Peer 1: 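Please find one structure pasted underneath; my questions will follow.
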Amino acid sequence: MGGAEALWHSMGIANMTWGQLLMMLVGCLLIYLAVAKKFEPLLLLPIGFGAILSNIPEAGIAEAGGLLYYVYSAGIETGIFPLLIFMGVGALTDFSALIAMPSTLFLGAAAQFGIFATLLGALTLNFIPGFNFSLADASAIAIIGGADGPTAIFLASRLAPDLLGAIAVAAYSYMALVPIIQPPIMRLLTTEKERNIVMSQLRPVSRLEKILFPFTVLLLCILFLPSAAPLIGMLMFGNILKEVGVVDRLSRAAQNEIINIVTIFLGLAVGSKLSADKFLTLDTLGILALGAVAFCIGTAAGVLMGKVMCKLTGGKVNPLIGAAGVSAVPMAARVVNKVGLESNHHNFLLMHAMGPNVAGVIGSAVAAGVLLALVGH
Amino acid sequence: MGGAEALWHSMGIANMTWGQLLMMLVGCLLIYLAVAKKFEPLLLLPIGFGAILSNIPEAGIAEAGGLLYYVYSAGIETGIFPLLIFMGVGALTDFSALIAMPSTLFLGAAAQFGIFATLLGALTLNFIPGFNFSLADASAIAIIGGADGPTAIFLASRLAPDLLGAIAVAAYSYMALVPIIQPPIMRLLTTEKERNIVMSQLRPVSRLEKILFPFTVLLLCILFLPSAAPLIGMLMFGNILKEVGVVDRLSRAAQNEIINIVTIFLGLAVGSKLSADKFLTLDTLGILALGAVAFCIGTAAGVLMGKVMCKLTGGKVNPLIGAAGVSAVPMAARVVNKVGLESNHHNFLLMHAMGPNVAGVIGSAVAAGVLLALVGH
Amino acid sequence: MGGAEALWHSMGIANMTWGQLLMMLVGCLLIYLAVAKKFEPLLLLPIGFGAILSNIPEAGIAEAGGLLYYVYSAGIETGIFPLLIFMGVGALTDFSALIAMPSTLFLGAAAQFGIFATLLGALTLNFIPGFNFSLADASAIAIIGGADGPTAIFLASRLAPDLLGAIAVAAYSYMALVPIIQPPIMRLLTTEKERNIVMSQLRPVSRLEKILFPFTVLLLCILFLPSAAPLIGMLMFGNILKEVGVVDRLSRAAQNEIINIVTIFLGLAVGSKLSADKFLTLDTLGILALGAVAFCIGTAAGVLMGKVMCKLTGGKVNPLIGAAGVSAVPMAARVVNKVGLESNHHNFLLMHAMGPNVAGVIGSAVAAGVLLALVGH
Amino acid sequence: MQVSNLLIEGVNLMLLGMGSVFIFLTVLVLAMSGVSYLAKTLFKDDPREKLASEMTLSPSANEGDEIIAVISAAISRYRAK
Amino acid sequence: MQVSNLLIEGVNLMLLGMGSVFIFLTVLVLAMSGVSYLAKTLFKDDPREKLASEMTLSPSANEGDEIIAVISAAISRYRAK
Amino acid sequence: MQVSNLLIEGVNLMLLGMGSVFIFLTVLVLAMSGVSYLAKTLFKDDPREKLASEMTLSPSANEGDEIIAVISAAISRYRAK
Ligand code: NA
Ligand code: NA
Ligand code: NA
């Protein structure tokens, strides 16, 4: 009976490598974090499951002809999925807080220091034998500091596809860890008095301003940084669909059907890059370490810029909101609110933190554009 | 610092051509018309935004490897998007008015004269130096007179892909201008007495008739005009999903998710054809001029046929409803209703105008089929 | 006037073959069954319409460059559509009944005997001149006995693409005929006393068990049958999305948008394989005959295993629920409930039948995995 | 091709085209009348009632909801015992 | 291949197939029982309560709604001052 | 390339990058202030009222609903006669 033998040879237990087993455990860990700890479950759950599926021996789900291979080729390699996510994010985001207080853009700018510090960090790692990051690799890794998943995936798919799995996992994991990483840094760099600052209520924003805002951002992007136009263009397209109020059908499609469907497949496809040979390398350890550093530096840079703005405005700006400049919408803004409430039980900083928070999204897209323009062939 | 120079050379202000700038302004104009004037916003907004995105210098969003390139290749070049829109339109359309009064099909037939008059017009333009429309080009341009966006895009993608941008923009723009173009023609060609005619209430239509209708249309299409079968087939498939009442899940998907998602991408992809070198040509001016003429002739032909039917029925048909035969659902039917109310404040022609209105959709699909059969290689 | 002649030569009545006409009538029959008899309308209606569209002469809708050609290539040839349906089914299925009573898995196992008996039957048909089924063909045909449409389409697309149309039609038709095929067999093989057995209420199942269940199934699939991993993996992924309760957005997308959209296109694409030259063959007759036999044997095997379990448990299991082991969710479970109510008006077996019913889905996916592992290249 | 030749082709196309459209839609008018007549004579019931019954019927197409309803009913009867 | 040889292969496949299906599902029965036992001993709370708490928990997964609620609360408190 | 050279390139990239980000966002701050000023001077109405009117306006974008409403109205007037 050759059949029984053939069946045995097709079994997972007869073919599994240690690497595959380890990666499936990594997948399970991501799912556990997503479900039990609610760490970015919308992304980490599909990524974790994709990691399991793509490491099943003999099944070939992530190899040519398999489901995840098709999804990755069509959605990630082309850059389509992150751009559609950006359209959805634009259609879900209310930029009012930023429009009411444009100066918070400086906080969003400062927090991008995390990106460029990480870039240097990645290059410095090359002194350690075993690391060999090119400028393109280092740029793709650095964008983790932008705390924005789709931007990281888009840039990695362009500059360092081999590192995409590790970069995406690092980006989403640290975004999920924002409530743990940020508060100590925020407390360390601010005084009790600063954290107590109550900010004045934001002015109301007219509908016209809301409609003109995406066009303003897009215009500057066209004039000064076309390499960021795919990302910023789709973000602003989604926001226009939302704000004009005459295409509700399309706005709803961008906010729901499209972003939900794409999120499932984006997650699975990213997970399919968590193969043992690509992920279980020294590079991944370096990327995970750099990612943590990037978030800390970004947070610190945001808070320090907040202190500068506090000084310049004669104490009208609570420096805590600078921490929201790293992006990680809306988690970082909520963390700011929570840390603010610890010092003053009546001080709700959420609305003020939303400004730097969405500014951080624009800031990291701009940083991605600069890196693409200078490093992308 | 070569980087700063490289960055400068990547900037839009250093690379923009006049043509790109102009096309972006055209895109802004389309968006303005969509938002401020509510001219077919579901299509003109994405088309306008697509025009802006695809003319950003150095960004390459509509070039090989860019988002809009992929969307255009997958959705328009293949003809898939217009066919899916037709499925959605079928699932959204109630053919009751037409079933109750089949003779209104003649109005839908007459209004297609706009198509064939435009065909002659396009060929006549060749006498002017600079114009050089082939028979295929002229046919694709002519279909603008059908006042049906998806049909125009489908035919243009088959017969004259280079003109697709201009044709689609002309088709949707004039569809949006129906409330301005039609009323003067309608008033000119009818007497006050004719406009005053009150039509008898439409008979109720049984569910069985509604179910059999799409099959009847499809059968005739199969027998006599298979080249129109993709368009009419998908239109009737959508309508069957709606009418049978046992596949509500699928009907809802066709009416909402699919048509909304496809509309966004269809619009962006059409916009991606508004590149300076393809759009800023003498051809486009010719197409825009011919489109306006086509609508006028189609409207006139419909109204004149309405007058014939009025005579033949001894004054039971209000000739105004002939104007709805151009398609442009449901705008043209509403225009008829409005013009009718001007003459008689209690004369609601909307339901009666819906008959020729949906007949116009079938009529222009039939005309497209004839053109495909005779001109398409 | 060569145009009129060209038009005539393009007409359907001038080109139609008897085969095409017959296949269109088959399409109409499927639609009739779907609409008037409510036989699996969600699938049979699109399949029937796809059959009509793809047999229209000269239209080429299912040939290279046509809509259904693209849909088939992208969705069925790649195996993507059945896998997405499985994801949706997983997100719609509540496995509680199975978790509460794992022993019903044996009923789901026994009913798969229909598959392997059909395999032998298909090979035996080769004794009749004109039949020439390979082992791969026979395996693809056999899976009809699994009473699970997506599994049948997935396996057929892998093992016998030429027979896919006939296999899919047979699978869905017999699934629709379950209320007619099963009851006589169930009554024949059970005594009145057995049919009267009232089963004890199922124990409640904790949320944790529901979350761990899909991982348990997937783990065994990975260890022992990786060739079933695409099917079982996507089924369990969908179920995890549903059960974890932290990704409701994704769960809703899998349960609604994705499965509805895919169902439309899956149906149309399967219908596109109902071309005269592929379908109007002796093979199809053989497949239809074998399919009927497969369902009868599967039902009988399930009921007989039910009787064994009844004996072993001292009369605690009503053998009728064994019939639900063929899959055909949720139709077979409802048939069990109905036949049970005939004997005892207060005996609701629906919940108990849901156990073997969903076990049947897993069982036929396992059988498909075995066939793929042993017969697939 | 010369413009004048093109124009002749165009006129040809116009006549054929408008002719086809009118013939097609005329045949459709006839076919629809025939179908309506058939529908009326074969099924003489009031179409309005038909429509009403359809409304109450159609929700049953949503299998998911139905099965949930059936299961809920089954459970509640169990509990009621 | 001859039909008789094919049939022998078929019988072989049948035995292997049914055997695999039964073995797989038997192992699954055992595994599920083990998992259920584990779940019960490790977490001894009433599963019904668990289910109820899940119902109230799950909506919080909808981040969009949550943030809107938080913002609304924040605004209303501001105004209440 | 040597690591030290890479690092020099990296520092270069950092300066250019942070510079670009700050310049871009500074220009954006200026542009937004200009746009807000324009929006306020050109349209001096209360933005809150604007928001309210938007809420009542936007549903009309849903063409499907509108046409249904119009048709329903037309039918009911017919019947009322
Ligand atoms: Na950022
Ligand atoms: Na028309
Ligand atoms: Na089964």
Side-chain angles (χ1 to χ4, degrees), chain A residues 74-75 77-84 86-88 91 154 158 207-208 211 214-215 218-234 236-238 240-241 243-258 260-262 369-376, chain B residues 2-16 20-21 24 28 31-32 34-46 48-50 52-61 65-71 74 253 255-265 267-268 271:
Chain A
E77 232 169 71
T78 60
I80 291 177
F81 281 173
L83 293 179
L84 295 185
F86 248 55
M87 178 173 78
F154 184 77
R158 291 284 176 272
R207 194 189 151 213
L208 184 65
I211 294 179
F215 289 101
L218 185 61
L219 177 66
L220 295 186
C221 174
I222 292 170
L223 292 179
F224 303 117
L225 204 58
S227 50
L231 283 168
I232 291 199
M234 290 310 283
M236 293 306 149
F237 178 54
I240 289 169
L241 292 183
E243 298 297 353
V244 294
V246 294
V247 289
D248 287 356
R249 266 180 167 263
L250 307 187
S251 173
R252 263 180 286 130
Q255 287 172 356
N256 294 291
E257 289 89 355
I258 295 175
N260 293 348
I261 294 172
V262 170
V370 173
L371 293 173
L372 270 177
L374 295 178
V375 179
Chain B
E5 210 183 305
L7 208 57
W8 162 255
H9 284 305
S10 85
M11 281 193 191
I13 42 173
N15 289 282
M16 190 152 339
Q20 289 170 325
L21 185 64
M24 285 199 245
C28 289
I31 295 174
Y32 173 78
V35 176
K37 305 281 177 193
K38 301 204 176 157
F39 282 2
E40 296 278 338
L42 294 177
L43 259 299
L44 287 189
L45 178 59
F49 206 85
I52 296 178
L53 286 184
S54 57
N55 281 288
I56 300 177
E58 302 291 298
I61 300 178
L67 176 66
L68 296 190
Y69 171 83
Y70 289 121
V71 175
Q255 287 173 356
N256 293 292
E257 288 89 357
I258 295 176
I259 201 172
N260 292 348
I261 294 172
V262 170
T263 299
I264 290 179
F265 293 118
L268 288 174

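Chain letters run A, B, ... following the sequence lines, proteins first, then strands; residues in each count from 1. Keep in mind it's a predicted model, so treat the numbers as computed, not measured. Just the heavy atoms: all of them, side chains too, but no hydrogens, waters or symmetry mates, feed the values below.
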Peer 1: For L7(B) and A373(A), work out which heavy atoms get closest and say how close.
Peer 2: CD1-CB, 4.1 Å
Peer 1: Any non-hydrogen side-chain atom of L250(A) less than 4.5 Å from a side-chain atom of P46(B)?
Peer 2: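 Answer yes - side chains close enough.
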Peer 1: Sort A36(B) into side chain, backbone, both or neither according to what part of it lies under 4.5 angstrom from a heavy atom of chain A.
Peer 2: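 Neither part.
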Peer 1: How close do F224(A) and M11(B) get, heavy atom to heavy atom, and via which atoms?
Peer 2: O-CG, 3.2 Å
Peer 1: Does any part of the side chain of L241(A), heavy atoms only, come nearer than 4.5 Å to the side chain of L45(B), both counted from C-beta?
Peer 2: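 Yes; the side chains approach each other to less than 4.5 Å.
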Peer 1: So which heavy atom on P226(A) is nearest to which on I56(B), and how close?
Peer 2: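 Nearest heavy atoms, P226(A) then I56(B): CB-CG2, 3.9 Å.
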Peer 1: Do R249(A) and T263(B) have side-chain heavy atoms sitting under 4.5 Å apart?
Peer 2: no
Peer 1: On a heavy-atom basis, which atom in L223(A) and which in M16(B) lie closest, and how many Å separate them?
Peer 2: CD2-CE, 4.3 Å
Peer 1: For the CZ atom of F49(B) and the CD1 atom of I240(A), what is their distance to the nearest 0.5 Å?
Peer 2: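 It is 4.5 Å, given to the nearest 0.5 Å.
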Peer 1: Just how far is it from atom CG of L219(A) to atom CE of M24(B), taken to the nearest 0.5 Å?
Peer 2: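 Going from CG on L219(A) over to CE on M24(B), the span is 9.0 Å.
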Peer 1: Going from CG on N256(A) to CG on N260(B), what distance comes out if it is rounded to the nearest 0.5 angstrom?
Peer 2: 10.5 Å
Peer 1: Take atom OH in Y69(B); do more than 12 heavy atoms of anything else shown fall under 6.0 Å from it?
Peer 2: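 Incorrect, the count does not exceed 12.
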Peer 1: L68(B) versus chain A, heavy atoms under 4.5 Å apart: side chain, backbone, both or neither?
Peer 2: neither
Peer 1: Within this structure, what is the CD1-CG distance for the pair I222(A) and N55(B), rounded to the nearest 0.5 Å?
Peer 2: 9.5 Å
Peer 1: Could you tell me which non-hydrogen atom of A6(B) sits nearest to which non-hydrogen atom of L374(A), and how far apart they are?
Peer 2: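 Heavy atoms only, the tightest pair is CB-CD2, 3.9 Å.
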Peer 1: Can you find a pair of side-chain heavy atoms, one from F237(A) and one from I264(B), that are under 4.5 Å apart?
Peer 2: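 Contact flag for F237(A)/I264(B) side chains = yes.
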Peer 1: Which atom pair, heavy atoms only, marks the closest approach of A59(B) to A229(A)?
Peer 2: CB-CB, 3.9 Å
Peer 1: A side-chain contact here means heavy atoms from C-beta on lying under 4.5 Å apart; do L268(B) and M234(A) qualify?
Peer 2: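 Result yes, sub-4.5 Å side-chain heavy-atom pair found.
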Peer 1: Would you compute the distance between atom CZ of F265(B) and atom CD1 of I258(A) and round it to the nearest 0.5 angstrom?
Peer 2: 4.5 Å
